[in-house]
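Numbers restart at 1 for each chain; the letters A, B, ... are given by sequence-line order, proteins then strands.
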Protein chains: 2
Amino acid sequence: MPSIKQVAATAGVSTATVSRVLANKSNVSPEVRARVEAAIAELGYRPNLVARSLRSQRSNTIGLVVSDVRNPFFTEVARAVEDAAYERGFRVVMCNTDEDPEKEALYLALMRDENVAGVILSPAPQAGPRPSAWGHGLPLVVIDREAPLPGLDNIVIDNRKAAAALTAHLLQNGYRRIAGLFGAIGSTGEERRGGFLQALQTHGLDPVAAEYVAPRRAAGADVARELLLREVRPDAIVCGNSLLTEGALVTIRELGLRIPGDVALAGFDETSWQALLEPAITVLAQPTDVIGRTAIELLMGRVAEPAVPPSRVVLDGALIARGSTAPRGS
Amino acid sequence: MPSIKQVAATAGVSTATVSRVLANKSNVSPEVRARVEAAIAELGYRPNLVARSLRSQRSNTIGLVVSDVRNPFFTEVARAVEDAAYERGFRVVMCNTDEDPEKEALYLALMRDENVAGVILSPAPQAGPRPSAWGHGLPLVVIDREAPLPGLDNIVIDNRKAAAALTAHLLQNGYRRIAGLFGAIGSTGEERRGGFLQALQTHGLDPVAAEYVAPRRAAGADVARELLLREVRPDAIVCGNSLLTEGALVTIRELGLRIPGDVALAGFDETSWQALLEPAITVLAQPTDVIGRTAIELLMGRVAEPAVPPSRVVLDGALIARGSTAPRGS
DNA sequence: TTGTAGGCGTTATCAA
DNA sequence: TTGATAACGCCTACAA
C-alpha cells in the first residue's frame, strides 16, 4: 500500500504538498496539483486513516453501540443512522453488546481508542461502577433508554404516555383483566410499566400482573405461560417490546388460545411481520427513522461544539390499532 | 487522555519499560512492573489503539460488512460472529451496505484503512470495475454469496440442493403450479432458481414463473401480486429469502387468499416469526450459527497464515415443513 | 533489566 | 507556492 511519501516521490514534490492536495487547500499551483493527482491515481494511493486519525485526533467514523442486534427496533434505527450519517460523509460502525455490561465497556473503549468522532448508544444494564470509557470526552448520544450518567444527550419516546395510550386502547375496547410484561433493563420498562398502571388506575382497575422480564423472547414466553395458565386468565396482555410480544405469541399458540377471543395482545415496536398475522397485532410504534436521524444531528452538534448543554429529545409513539385488540365480544 | 509517556514519567521509567509491561514481556523486574502498573491505574491510562495499530500494522478488530442489516439472516449471523470472535479476544464492528456497491467500496476501504485484522463480507452486487479495496491483502471471508473474485475464502450453503428440496417438498404434497421468486443479486438467487427448475423438471413440470426480484419486501409483494392476479393462479409460491416471503405474504393477505388452500407458501431462511403465523410457514433454514462461527475460524486461519489456499465451505440447509405447505386437499 | 532512538503515515508549523 | 521538520502514541532493535 503506497504511502504519501511514495506519491510525493513519484510527483517530484514534498509530502507536505501532497497533503495539501489531499486536503484541498487552495495554495497549490494548478500544475503541481495535477502532477500530484496523477501520481495518486497511478499508484492507487489511499490515505491511511489510522495515521490520519493519530495525527489529527479525529475521524469521520461514528459508532453505534446497540444492546441487541436481533431486536428489529435497533436494526431499523441503525438503518436510519447509517443513512443520515452517510449523507454527511460519515461512516457508521455498529457493535452489539447483547445487554452485557462487559461487552459494552469493551466496545465503548474500542470506540474511544479508535478515535471515532462520537458514539450513539443504547446502554446495557450497568453493573457496578461506571466503565471508565463513559464520558471520557467521547461525544455520546444515548437512545432508547435514559442515560445512566447525567450530562449526556438523550433521545427517548414518552414511554409513560405511550404505554398509557396502548392500555387505554385496550380498556376502551372492553378489556378489563389486563396483564403487562415489561423489559427489566433500563428506564424504558419502568416507565412503560408506570404508564400502564396509571391508565388502569384512571379506570379504577388493578393490573392482573405487571411483571419485569428479561427483554428476550424466551423470557416473554415463560412469563406469559405462567399468566395464561392461572385459574382466571387475563383477557389481554401488553408487552414492552417486540421480543416480549413474540414470546407471548409463542405461548398463546402453544396453548391453542385465540386472539383476541381468549386473550388480546398488544405490544411496543412495529416490526415487519406483526401486520401479517391474523389477526394482526396492535402496536405502539416508535419513530425509528426520526430517532436515528435525530441521534446523528445531536451527535454532529456535540462533535462540533462539545461544550453545549446536553439536549433531551422526547418523541411520541404512534398507536396502530389492529385486530389483536378488536372490541371485546364483537 | 494520558499517554504512555506520562505513565513512564509517573512511574519514573522509560516508555519502553511501560510498553514491555503492557505487552507482558518477561524481562521486567517485579518491582518496576508494580510501579508501572500503579501508574497505569492511577492515571487511568488506556493504550491508544490507533497509535498501536499504526505502529504494528494490525489490530484485533474484525469487520463484518453485510448487505442488509434488516435481513434477519444477517443479524443472526452477526450474533454468531460476535460470539465466536469475542471468545478469541476479537471485537467485531459491523457495517451495512444496503446492497449499494458504492457503500460497500467505502466500508471495505474503511476496514482496510482502519487496519482491521480481516473482514467477513456478504458482497453487494458489483457495478463496473472492482473496488480497489478488494484483495489488497486484506484477509477476506465471503459469506452467503459466491465470491466475486477468485482466491477468497467462501462459505455458502448448497443452494441448488436446498431449493430442490424445498420444491420437491411442495411437489410431494401435491402442488403442481409452482412459482418462484429469487433474489436478483449475486449467485445465491441464481443457484436457488436453478435448483427450483431442476426439481420441477425431474417431475416433468414447467414453472408457472421463475422470476428474479430485488431482494426486498416491496419487490416481493409486487411480483407476487402480478402472479396471483393471473387468470390461472399458481397453487404454490417459493421465495428465495425471508424478505421476499414477507412480500408475498403481504400480497396474499391483501388479496384475501388462504394458505395453503388458495396458495401454498415456502421460503428460505428461518425467522423468529414464521412459526407464529397460522398456518406457520415452511422454510429452508440456513445454519446461521455454523456460518458465523466458520467464518471466524476461516478468517483467523487466514490472518495467521495469509498464504494458504482459500477454503470453500458448503453447508446444508434444513427443511422445516409446516402448515403453509400442507398436503393439497387435506 | 532498562533506556535511547527511529519510524509507522499524516498533518501543521515555520521558513524559504 | 513549496519544502523541511516536528509531532501524534506506540513498539522494537539496539545499546548500555
Side-chain angles (χ1 to χ4, degrees), chain A residues 1-37 39-40 43-61 109-117 136-138, chain B residues 1-37 39-40 43-61 109-117 136-138:
Chain A
M1 279 207 307
S3 76
I4 202 172
K5 230 176 202 164
Q6 309 178 39
V7 174
T10 334
V13 297
S14 73
T15 61
T17 302
V18 178
S19 181
R20 285 187 195 107
V21 171
L22 255 25
N24 245 313
K25 302 257 185 193
S26 51
N27 49 349
V28 181
S29 76
E31 38 183 350
V32 170
R33 179 182 296 272
R35 260 205 342 265
V36 170
E37 275 164 355
I40 287 175
L43 296 175
Y45 165 78
R46 298 187 43 80
N48 180 320
L49 296 190
V50 174
R52 179 174 284 178
S53 165
L54 174 61
R55 171 62 225 219
S56 63
Q57 307 289 23
R58 47 210 190 74
S59 81
N60 56 168
T61 298
L110 177 67
M111 293 296 135
R112 200 191 72 178
D113 299 345
E114 294 277 25
N115 248 322
V116 299
H136 248 296
L138 179 67
Chain B
M1 276 202 312
S3 77
I4 202 173
K5 228 178 204 162
Q6 309 179 37
V7 175
T10 352
V13 296
S14 74
T15 60
T17 302
V18 178
S19 182
R20 285 186 196 107
V21 171
L22 255 26
N24 245 314
K25 302 257 187 196
S26 52
N27 48 351
V28 181
S29 75
E31 37 180 351
V32 171
R33 179 182 296 274
R35 251 193 6 254
V36 170
E37 275 164 354
I40 287 175
L43 296 175
Y45 165 79
R46 298 188 43 81
N48 179 323
L49 296 190
V50 174
R52 179 174 284 179
S53 164
L54 175 61
R55 169 64 226 231
S56 63
Q57 307 288 23
R58 45 209 193 73
S59 81
N60 58 165
T61 299
L110 177 67
M111 292 297 135
R112 200 191 71 179
D113 299 345
E114 295 276 23
N115 250 322
V116 299
H136 249 296
L138 179 66

| task | Taking side-chain contact (heavy atoms from CB on, under 4.5 Å) as the test, write out the residues that go with B:S53, two or more places apart. | result | A:V50, B:N115
What is the nucleic acid contact for [X], judged by heavy atoms within less than 4.0 Å: base, sugar-phosphate only, or nothing?
X	answer
B:S56	nothing
A:N27	base
B:V50	nothing

| query | First and last nucleotide of DNA chain C in contact with chain B, 5' to 3', at under 4.0 Å to a heavy atom: what are they? | reply |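 Reading along DNA chain C, I get C:dT1 to C:dG9.
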| query | Which heavy-atom pair separates A:P47 from A:R52 by the least distance, and what is that distance? | reply | CB-NH2, 3.3 Å
| query | Which atoms form the tightest heavy-atom contact between B:A11 and B:A39, and what is the distance? | reply | CB-CB, 3.9 Å
Side chains of residues 12-21 of chain B: which donor-acceptor pairs under 3.5 Å do they make with residues two or more places apart or in other chains?
residue : atom : partner : partner atom : Å
B:S14   : OG   : B:A16   : N            : 3.3
B:S14   : OG   : B:T17   : N            : 3.3
B:S14   : OG   : B:T17   : OG1          : 3.4

| query | Contact boundaries of DNA chain D with chain A (under 4.0 Å, heavy atoms), 5' to 3'? | reply |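 Boundary nucleotides touching chain A, in 5' to 3' order, are D:dT1 to D:dG9.
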| task | Using heavy atoms and a sub-4.0 Å distance, could you list which residues of residues 5-17 of chain A are near DNA chain C? By number, please. | result |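 Nucleic-acid contacts, sorted: A:K5, A:A16.
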Straight-line distance of [X] [atom1] to [Y] [atom2], nearest 0.5 Å:
X	Y	atom1	atom2	result
A:I40	A:R33	CD1	CZ	10.0 Å
B:R35	B:T10	CZ	OG1	11.0 Å
A:L54	A:S59	CG	OG	12.5 Å

| said: Between A:E114 and B:T61, is there a side-chain heavy-atom distance shorter than 4.5 Å? | reply: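 Sidechains of A:E114 and B:T61: in contact.
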| B:Y45 and B:L22, any side-chain heavy atoms less than 4.5 Å apart |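 Side chain of B:L22 against side chain of B:Y45, heavy atoms only: contact under 4.5 Å found.
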| said: Roughly what angle, to 10°, lies between the helix axis at the start of the helix from C:dT1-D:dA16 to C:dA16-D:dT1 and the one at its end, five pairs per end? | reply: 50°
